[in-house]
Amino acid sequence: MLRTVVAAFWAMLPAYVPNNAAVLFGGGPTIDGGRTLGGRRLLGDGKTWRGTAAGILSGTLLALVLNRLAPRIEGRLGCTLPRFSPRAALALPAGAMLGDIAASFLKRRTGRQRGAMVPGLDQLDFVAGALWVASTAAPRWFARTFTRRTVAAVLVMTPALHVGTNVVAYLVGLKDEPW
Ligand code: CTP
Ligand code: MG
């Protein structure tokens, strides 16, 4: 049980970090360039090229760092940790950003302003994106790493972690809303 949660957390770290990197480094030109669809913004001001690039880059770098740290940490914890193939290292953060962008697209279509809270969607959009892109781009790695138990652990653990980090980001003034 604990081993599953630790392995799931480790495997998802490259998908968790991009959101936080985007908050830290976001800004500059928006992805939609101000374009609208049916009178509403395509994605909104909260999706920028810089934030997206920073998210993907940070997640990929983290995956490579985790691969180097894994042997030592495995020794201490006495459990095995997943390694990231090059494709997985890129797919997880890219998928996380894509899922977040897709969610913004849907939020704008349903008339929600930037920053509007959508419980469930806000916490799982990037998980769905990361798992989907990783399973498509690195299917063998995905099948090895994400068993049903691991996916179940991810779905339970992620919303709690996401809410927690966003509240912290809000309290220290990095985010405009605590979600
Ligand atoms: N961000 C970014 N580029 C991204 C994702 C996030 O620049 N691809 C930055 C933006 O500054 C954004 C902040 O991170 O405001 C928080 O991200 P998020 O909560 O996803 O955006 P919101 O501002 O809440 O906008 P939305 O309603 O579209 O989710
Ligand atoms: Mg938001």
Side-chain angles (χ1 to χ4, degrees), residues 8-9 11-66 84 86-138 142 151 154-179:
F9 178 70
M12 285 303 286
L13 273 173
Y16 289 153
V17 174
N19 282 286
N20 304 295
V23 172
L24 281 177
F25 300 108
T30 56
I31 296 176
D32 68 10
R35 275 185 281 274
T36 57
L37 180 68
R40 292 167 176 151
R41 285 289 293 275
L42 210 52
L43 301 174
D45 286 332
K47 303 296 116 142
T48 67
W49 288 111
R50 211 168 72 199
T52 308
I56 297 175
L57 196 67
S58 64
T60 303
L61 287 176
L62 179 67
L64 301 179
V65 169
L66 290 177
F84 300 97
R87 271 167 175 268
L90 187 60
L92 287 167
M97 290 279 90
L98 193 68
D100 177 61
I101 290 168
S104 289
F105 178 80
L106 292 177
K107 285 190 250 184
R108 299 302 92 82
R109 303 288 71 70
T110 53
R112 292 180 173 83
Q113 297 298 319
R114 173 193 183 181
M117 178 183 60
V118 185
L121 189 63
D122 282 327
Q123 286 79 39
L124 291 170
D125 52 9
F126 64 100
V127 174
L131 296 183
W132 179 64
V133 174
S135 64
T136 307
F142 186 83
V151 173
V154 167
L155 293 180
V156 173
M157 170 178 69
T158 306
L161 283 170
H162 190 71
V163 169
T165 53
N166 281 341
V167 168
V168 172
Y170 169 73
L171 290 176
V172 301
L174 287 172
K175 251 179 134 299
D176 296 334
E177 308 88 15
W179 51 81

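Ligands are counted one by one from 1 in listed order, and the atoms in each one are counted from 1 as well.
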Visitor: For atom 9 (C) of ligand 1, what's the nearest protein heavy atom and its distance?
Guide: A22 O, 3.3 Å

Visitor: Give the residue, atom name and distance (to 0.1 Å) of the protein heavy atom nearest atom 13 (C) of ligand 1.
Guide: V23 CG2, 4.0 Å

Visitor: Suppose I only count heavy atoms of D100 and a 4.0 Å limit; which atoms of ligand 1 are within that range?
Guide: 5 (C), 20 (O)

Visitor: Quick one: does R108 get within less than 4.0 Å of ligand 1, heavy atoms only?
Guide: yes

Visitor: From atom 29 (O) of ligand 1, work out which of M117, M97, K107 has a heavy atom at the shortest distance.
Guide: K107

Visitor: Regarding ligand 1, does T48 bring an N or O atom to under 3.5 Å of one of the ligand's N or O atoms?
Guide: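 Checking ligand 1 against T48, an N or O pair does fall under 3.5 Å apart.
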
Visitor: Would you say K175 contacts ligand 1, with heavy atoms under 4.0 Å as the rule?
Guide: yes

Visitor: Do you know which two heavy atoms are closest between F142 and L131, and how far apart they sit?
Guide: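 Shortest heavy-atom contact: CE1-O, 3.6 Å.
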
Visitor: For ligand 1, does D45 get within less than 4.0 Å through its side chain, its backbone, both, or neither, judged by non-hydrogen atoms?
Guide: neither

Visitor: Can you tell me how far the CG atom of N166 sits from the CD atom of Q123, to the nearest 0.5 Å?
Guide: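 Between atom CG of N166 and atom CD of Q123 there are 7.5 Å.
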
Visitor: Listing request: all ring-ring contact (aromatic ring centres under 6.0 Å, His included) pairs with a residue in residues 108-136, at least two apart in sequence or in separate chains.
Guide: F126-H162

Visitor: Which value, rounded to the nearest 0.5 Å, describes the distance between D45 atom CG and I31 atom CD1?
Guide: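 Answer rounded to 0.5 Å: 11.5 Å.
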
Visitor: Output the distance between atom CZ (R109) and atom CG (L43), rounded to the nearest 0.5 Å.
Guide: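 So the CZ of R109 and the CG of L43 are separated by 8.0 Å.
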
Visitor: Measure the distance from atom 8 (N) of ligand 1 to every protein heavy atom, then report the residue, atom name and distance (to 0.1 Å) of the closest one.
Guide: T52 OG1, 2.9 Å

Visitor: For residues A21 and S58, report the shortest heavy-atom separation together with the two atoms involved.
Guide: CB-OG, 3.3 Å

Visitor: Could you name the option among K47, R112, R114 that has the heavy atom nearest to atom 11 (O) of ligand 1?
Guide: R114

Visitor: Tell me which one of G46, A96, S104, G44 gets a heavy atom nearest to atom 2 (C) of ligand 1.
Guide: G46

Visitor: Under 4.0 Å from a heavy atom of G26: give me the atoms of ligand 1 that qualify, with their elements.
Guide: 7 (O)

Visitor: For the residue pair R50 and T48, confirm or rule out a side-chain donor-acceptor distance under 3.5 Å.
Guide: no

Visitor: What residue pairs, at least two apart or across chains, pass side chain to side chain donor-acceptor pair (under 3.5 Å) with a residue in residues 12-34?
Guide: Y16-T158, T30-D32, D32-R41

Visitor: Check contact between G115 and ligand 1, using heavy atoms of the residue and a distance below 4.0 angstrom.
Guide: yes

Visitor: Would you indicate whether E177, at its atom CD, is surrounded by more than 12 heavy atoms from other residues, nucleotides or ligands within a distance under 6.0 Å?
Guide: yes

